[in-house]
There are 2 protein chains.
Amino acid sequence: MAQQPRNGRAPSVKDVAAAAGVSLGTVSNVLNRPAVVSSATRERVERAMAELGFIRNESARQLRAGTSRALAYVMLDGGNPFFQDVAEGIEQAADAADLSLFVCNSGGRAERESKHLDRLIQQRVQGILITPVDPDAPHLADIARRGIPFVMVDRLSSAGGHCSVAVDDVLGGRIAVEHLIDRGHERVAFVGGPSSIGQVRERCQGAREVWEEFGRPADDLIHLPTEALTVSEGRSAGERLAGLPSRRRPTAAFCANDLLALGLLQHAVTAGLRVPDDLAIVGFDDIDFAAAAAVPLTSVRQPRQELGRTAARLVLDEATNPDHRHEQATFVPALVARASTGAPRR
Amino acid sequence: MAQQPRNGRAPSVKDVAAAAGVSLGTVSNVLNRPAVVSSATRERVERAMAELGFIRNESARQLRAGTSRALAYVMLDGGNPFFQDVAEGIEQAADAADLSLFVCNSGGRAERESKHLDRLIQQRVQGILITPVDPDAPHLADIARRGIPFVMVDRLSSAGGHCSVAVDDVLGGRIAVEHLIDRGHERVAFVGGPSSIGQVRERCQGAREVWEEFGRPADDLIHLPTEALTVSEGRSAGERLAGLPSRRRPTAAFCANDLLALGLLQHAVTAGLRVPDDLAIVGFDDIDFAAAAAVPLTSVRQPRQELGRTAARLVLDEATNPDHRHEQATFVPALVARASTGAPRR
DNA sequence: TTGTAGGCGTTATCAT
DNA sequence: ATGATAACGCCTACAA
């Protein structure tokens, strides 16, 4: 690959054509319909391409094609490995389709999200995957209205005007609390917030439903609200929990996600509570760090990468299949029991 | 924004011009040199743009400009939060420059890395940031030769043919082991591998240097090799460590990164070893999960986001400043002492 | 101040 | 089988 970038610009089909002594159309044919070119010329052209270090210019192809060869994912919280795993699933699918992936992080801030979306629309990405700050934000509707393939990740579509991929969060909450009831716990805390987050509301709701169905007194399911789904909020919830009068103190906690659970675990250990004997803990998401904790965390598993792969599949279907129908893909969460909820109590 | 996407295509400057009753050049002026347009026409054009929902087509701008408005980062291991934090720093800088960011993950596989690079070159990204599988791989040199701005992240450039950003890993290793010596430990393990990874070699070297300088017998610095820098490899190192005859068993371990340290911690706790009393642990990177562990981990801190921001700054300088000089930015790591190494022993 | 024209690199259509 | 040409949307001289 002996470069001689004529005045800084990368070599184009035109340069290749000149070098190979053929017309520009022929070079294009070699690239896109090699069968139609005689093997002699094809070889000559290919040699020229190699010598010049020719690489197709995506921008030009995009301009012609009207759409880019890229997808985009706008994450809600880049600091949460859950979303990174979803992103990895998306990247796998994008790779398989030979597409590039823009990864953005809104960090939970609507205005950053909106700015990212603007940029992505300018880029004419083939499709946008997003775990939105607010599923009902108007700028999301704009995207669909623009006809840009669009999939909501980790949130079910309310209106059904687009595809979505999520697990059944209510069911997840049910599974978690059922497990704790099963373990003999009679006072349980739900740790999570803010309730502006749909996932939190639904996981909490599932917890409540089961608690009621088992005929437990509503007062024995204590809600410890948090301001975010972070480790440090988990720690602070732990402090509040430890501060409860012992007759009210729960013997188990169901946390709205694993980060909270890890924070809670840390505080419990620091405060000298034994896990699971003094306090059992269940998290949600089953990120890798849940299994890696000093006391491995029981967690409600979401098929993280598969969420991503499915979302990518849907967005590509919408982008390429004229008969595309919007689809709400729902996955079933599963309990992964580990040491943090210990052995059965009864 | 009342859309009427004429036959599916997004509205172009031409459409805006027609709607506003001006020429296409004027629309362009409104976009790029608003000062030169009379406020009356400008307003008319802006209204037309809003009504049509006009958004500039990046591909076309790129084609003209010869380069895209995007950067790219190729990560070595997407499962390690360290790289995610670096990526976040890069994204911050990219955002500030109004650039999009392609994020790719080589997963430590040279062939995936190479494939990603090919795609990124096709995309004509403004610059490529990479934490390479092998800093000496020929496909990296190709990039520089193509004149694509290029920065190596978390690895110093050997040859100096490009910019790089890293911390002083040897110093990091020194700091860690000095801390352990300071705590009175006389038998220490270095946990890490494979030695094909430069960072591992250098952190190990730093550990050795200090050990020697303090006149400690080489045999008392035990190397527990691992096959990767992962939690599960940390666990397995823990098993081997616990299996050592007690007179040889180290009282402290320095792990080449935090994932190993977390795995080691988990095994220690499971095996009934008290941390730090029976086994002190030092990690490397200071990812958020180090501080979040049940026994908060002492770690050698890298300025993760700042690494990313600096790398982005350098690549942008190379992209825009004709007088750019390649630069090897080196940061100084710092020990963050936490419970996993406990209080002084003497 | 506004309009016109040419070209960025690629692809596809139409002739040859 | 190959070559010439127009078009994608935008930007920037230059002309009016």
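Naming: A, B, ... by sequence-line order, numbering from 1 per chain. These values consider heavy atoms only, across backbone and side chains, with no hydrogens, waters or symmetry-generated copies.
Atom CE in B:Met49 sits roughly 17 Å away from atom P in D:dG9 (whole-Å rounding). One interatomic measurement links the two molecules: CD of B:Gln62 to C1' of C:dC8, which rounds to 12 Å at whole-angstrom precision. Across the protein-nucleic acid pair, B:Arg124 atom CZ and C:dG9 atom P stand 9 Å apart, rounded to whole Å. When rounded to the nearest whole Å, the span between CZ of B:Phe54 and P of D:dG9 equals 11 Å. Put simply, CG on B:Leu31 is 15 Å from P on D:dG9, counting in whole angstrom units. A straight line from CD of B:Gln122 to P of C:dT10 spans 10 Å, rounded to a whole angstrom. Rounded to whole Å, atom P of C:dT10 lies 13 Å from atom CD of B:Gln123.
Between A:Glu58 and B:Gln62 there is no side-chain heavy-atom pair separated by less than 4.5 Å. Taking 4.5 Å as the limit, some side-chain heavy atom of B:Leu156 sits within range of a side-chain heavy atom of B:Thr330.
Remark: the B:Arg64 side chain and the D:dC11 base include a donor-acceptor N/O pair separated by less than 3.5 Å.
Checked options B:Val151, B:Val315, B:Ile130, B:Ile90; the residue passing with B:Tyr73 is B:Ile90 (criterion: side-chain contact (heavy atoms from CB on, under 4.5 Å)).
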Go through A:Asp95 and B:Arg112 one step at a time and tell me if the salt bridge (charged side-chain N to carboxylate O under 4.0 Å, His left out) criterion holds.
-> CA-CA 9 Å; A:Asp95 269 7; B:Arg112 279 189 64 183; 3.7 Å; yes

Derivation of the side-chain contact (heavy atoms from CB on, under 4.5 Å) call for A:Glu46 and A:Arg42 = CA-CA 6 Å; A:Glu46 277 164 352; A:Arg42 186 173 56 225; 3.7 Å; yes

Name the atoms and distances for all side-chain donor-acceptor pairs under 3.5 Å in residues 30-40 of chain A, with sequence neighbours left out.
{"from": "A:Asn32", "atom 1": "OD1", "to": "A:Arg56", "atom 2": "NH2", "distance (Å)": "2.8"}
{"from": "A:Asn32", "atom 1": "ND2", "to": "A:Ser28", "atom 2": "O", "distance (Å)": "3.0"}
{"from": "A:Asn32", "atom 1": "ND2", "to": "A:Ser28", "atom 2": "OG", "distance (Å)": "3.3"}
{"from": "A:Ser38", "atom 1": "OG", "to": "A:Thr41", "atom 2": "N", "distance (Å)": "3.4"}
{"from": "A:Ser38", "atom 1": "OG", "to": "A:Thr41", "atom 2": "OG1", "distance (Å)": "2.5"}

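Of all nucleotides listed (D:dC11, D:dC10, D:dC8), D:dC8 comes nearest to the side chain of B:Lys14. Of all nucleotides listed (D:dC8, C:dT10, D:dC11), D:dC8 comes nearest to the side chain of A:Leu63.
Listed by first then second residue, pairs satisfying ring pair (Phe, Tyr, Trp, His ring centres under 6.0 Å) with a partner in residues 127-154 of chain B read B:Phe150-B:His162, not counting sequence neighbours.
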Nucleotide N/O of nucleotides 2-4 of chain D paired with protein N/O under 3.5 Å:
{"from": "D:dT2", "atom 1": "OP1", "to": "A:Ser38", "atom 2": "OG", "distance (Å)": "3.1"}
{"from": "D:dT2", "atom 1": "OP1", "to": "A:Thr41", "atom 2": "OG1", "distance (Å)": "2.7"}
{"from": "D:dT2", "atom 1": "OP2", "to": "A:Ser38", "atom 2": "N", "distance (Å)": "2.9"}
{"from": "D:dT2", "atom 1": "OP2", "to": "A:Ser38", "atom 2": "OG", "distance (Å)": "3.4"}
{"from": "D:dT2", "atom 1": "OP2", "to": "A:Thr41", "atom 2": "OG1", "distance (Å)": "2.9"}
{"from": "D:dG3", "atom 1": "OP2", "to": "A:Ser23", "atom 2": "N", "distance (Å)": "2.8"}
{"from": "D:dG3", "atom 1": "OP2", "to": "A:Ser23", "atom 2": "OG", "distance (Å)": "3.4"}
{"from": "D:dG3", "atom 1": "OP2", "to": "A:Thr26", "atom 2": "OG1", "distance (Å)": "2.5"}

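A sub-4.0 Å separation between OP1 or OP2 of C:dT1 and a side-chain N or O of B:Arg33 is absent. Between B:Arg9 and D:dC8 there is no side-chain N or O to OP1 or OP2 distance below 4.0 Å. Side-chain nitrogen and oxygen atoms of A:Asn57 include none within less than 4.0 Å of the OP1 or OP2 phosphate oxygen of C:dT10.
A search for ring-ring contact (aromatic ring centres under 6.0 Å, His included) contacts involving A:Phe83 returns nothing, not counting sequence neighbours. For B:Phe102, the ring-ring contact (aromatic ring centres under 6.0 Å, His included) partners at least two apart in sequence or on another chain are A:Phe102.
The nearest heavy atom of DNA chain C to A:Arg61 and to B:Ala60 marks one nucleotide each, and the one closer to the 5' end goes with B:Ala60.
A rotation axis mapping the C1' atoms of four pairs onto the next four is fitted at both ends of the helix from C:dT1-D:dA16 to C:dT16-D:dA1 over five pairs, and the angle between these axes is 50° to 10 degrees.
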